[in-house]
Amino acid sequence: MAHSTTLLALIVLIMALSFSASATSGSSAPVNKSCVTGSAGAAVSIGYGGARASAGAGVSIGADVYRATCPRAEEIVRAGVGRAVAADPRMAASLLRLHFHDCFVNGCDGSVLLDDKPFFIGEKTAVPNANSLRGFEVIDAIKAELERECPETVSCADLLAIAARDSVVVSGGPSWEVEVGRKDSRTASLQGANINLPAPTSGVATLVQKFRNVGLSAKDMVALSGAHTIGKARCTSFSARLAGVGVSSGASNKDQTFLQSLQQLCTASAGSALAHLDLATPATFDNQYYINLLSGDGLLPSDQALASSGAVSGADQDLVASLVATYAFDASAFFQDFAESMLRMGRLAPGVGTSGEVRRNCRVVNSSS
């Protein structure tokens, strides 16, 4: 990493000037402050302060929805996530990813959890999800415990949101007060999953547009991409990286060594092997992901593209570059922005007129239970 020190210092000095002016353009809804902390020494002031936010479809969400109806809800989810991650550290990233893939398809409505049935096609077989998403059994176990504690009270969509937060916390990342009160959908969209979810080969312009399509900003995109500081990816997800996609024209010998090691891993396993998204601190939620990008060590093409010169034109290019440099330099800034972006993503919801329910079993709608 030593070879990147000078590069990082130069980028931080240059980009910090544009960051102060441009980063604010990524904010959408204002977020009230209530103190929470991140374990990497970052103080994260985030929360909704008891207020309620509209989640669309006539649903409002807030921080205190289950305080009276299921006071142990978050305790149950936290314990379930803790057990799962202790048994399989990769599960933290898997649960976080479930929430992301849920929210990007018709809002955060638990649709990603629905199984295919006769005359019903869910989202699990969509290209971005098939043989990729995992953690469904963990959600099943937590949901079963919630149903025993307070039947038909905590939605599967809320369970995913709380589990995502707890997965970040148990991995050493920031905490925030999750807004709850969502309903579970009775439908799913295979087409929506195939269209809305970014591919691991996406360039910056595509990533920015995919986020804007659901109401999130370029700043949200860069911050939420930092979730790739934990987890693993299969060789098929970064094969384009091995062909040179995402490699800058000035790639160093170290960059080439990194890619060659990946090539050897994937060749030896016939493409079935898994590689850490962050080789330096693979199970710790920190800002190492952005440091890796500045060193040319991003695993997915869509990751390394964030640090590639000329990846996107105009103001977006300046914002993306400045945020990558800022987050690499300042873990507290990353933690703060990540938590705020997770709250904004958590407010994505089905359109007006869409009815919902609290599923008893996250895999099927209640009429089929």
Requested in this report: Identify the two heavy atoms, one from Asp184 and one from Ala157, that lie closest to each other, and give their separation to 0.1 Å.
Outcome: OD1-N, 2.8 Å

Query raised in the report: Is Arg182 reaching over with its side chain to a backbone N or O of Gly107, donor-acceptor style, under 3.5 angstrom?
Result: no

**Report entry** Pair Asn213-Asn196, side-chain donor/acceptor within less than 3.5 Å
**Finding:** no

Query - Polar side-chain atom of Asp158 near backbone of Gly181 as donor-acceptor pair, under 3.5 Å - result: yes

Query - Pairwise salt bridge (Lys or Arg N to Asp or Glu O under 4.0 Å) hits with a residue in residues 74-84, at least two apart - result: Arg72-Glu75, Glu74-Arg165, Arg83-Glu145

Requested in this report: Please determine, by modelled atom types, if Ser132 and Arg97 share a side-chain donor-acceptor pair under 3.5 angstrom.
Outcome: yes

Query raised in the report: Are any of the side-chain heavy atoms of Leu216 and Met345 separated by less than 4.5 Å?
Result: yes

Requested in this report: Would you check if there is a donor-acceptor pair between the side chains of Asp220 and Ser217 at a distance under 3.5 Å?
Outcome: yes

Report task. Tell me who clusters with Leu190, hydrophobic residues only, linked when side chains sit under 4.5 Å apart either directly or through other members. Result -> Ile121

Report summary line: For Gly346 and Ile61 the tightest heavy-atom approach is O-CD1, 4.1 Å

**Report entry** Worked check of salt bridge (charged side-chain N to carboxylate O under 4.0 Å, His left out) between Glu147 and Arg360
**Finding:** CA-CA 7 Å; Glu147 286 299 300; Arg360 294 185 290 272; over 6 Å; no

**Report entry** Over all atoms of both residues, closest heavy-atom pair of Ser302 and Leu207
**Finding:** O-CD1, 3.7 Å

Requested in this report: Fit a plane to each ring of Phe335 and Phe285, take the angle between them on a 0 to 90° scale, and name the class: parallel (under 30°), tilted (30 to 60°) or perpendicular (over 60°).
Outcome: tilted

**Report entry** Where at least one partner belongs to residues 190-241, residue pairs that pass ring pair (Phe, Tyr, Trp, His ring centres under 6.0 Å), sequence neighbours excluded
**Finding:** Phe104-Phe211

Query raised in the report: Do any N or O atoms from the side chain of Thr267 and from the backbone of Gln264 form a donor-acceptor pair under 3.5 angstrom?
Result: no

Query raised in the report: In a check of salt bridge (charged side-chain N to carboxylate O under 4.0 Å, His left out) between Lys124 and each of Asp102, Asp115, Asp116, which one passes?
Result: Asp115

Query raised in the report: Does atom CD of Glu152 have more than 12 heavy-atom neighbours from other groups under 6.0 Å away?
Result: yes

**Report entry** Cluster check Leu224, Leu319: I/L/V/M/F/W/Y, side chain < 4.5 angstrom
**Finding:** yes

Query - Minimum-distance pair of heavy atoms, taken over all atoms of Leu114 and Val365 - result: CD2-N, 3.9 Å

**Report entry** Distance flag, aromatic centroids of Tyr289 and Phe334, threshold under 6.0 Å
**Finding:** no

Query raised in the report: Is it true that a side-chain atom of Asn287 and a backbone atom of Ala328 form a donor plus acceptor pair closer than 3.5 Å?
Result: yes

Query raised in the report: Minimum heavy-atom separation for Arg359 to Val364, with atom names?
Result: CD-O, 3.2 Å

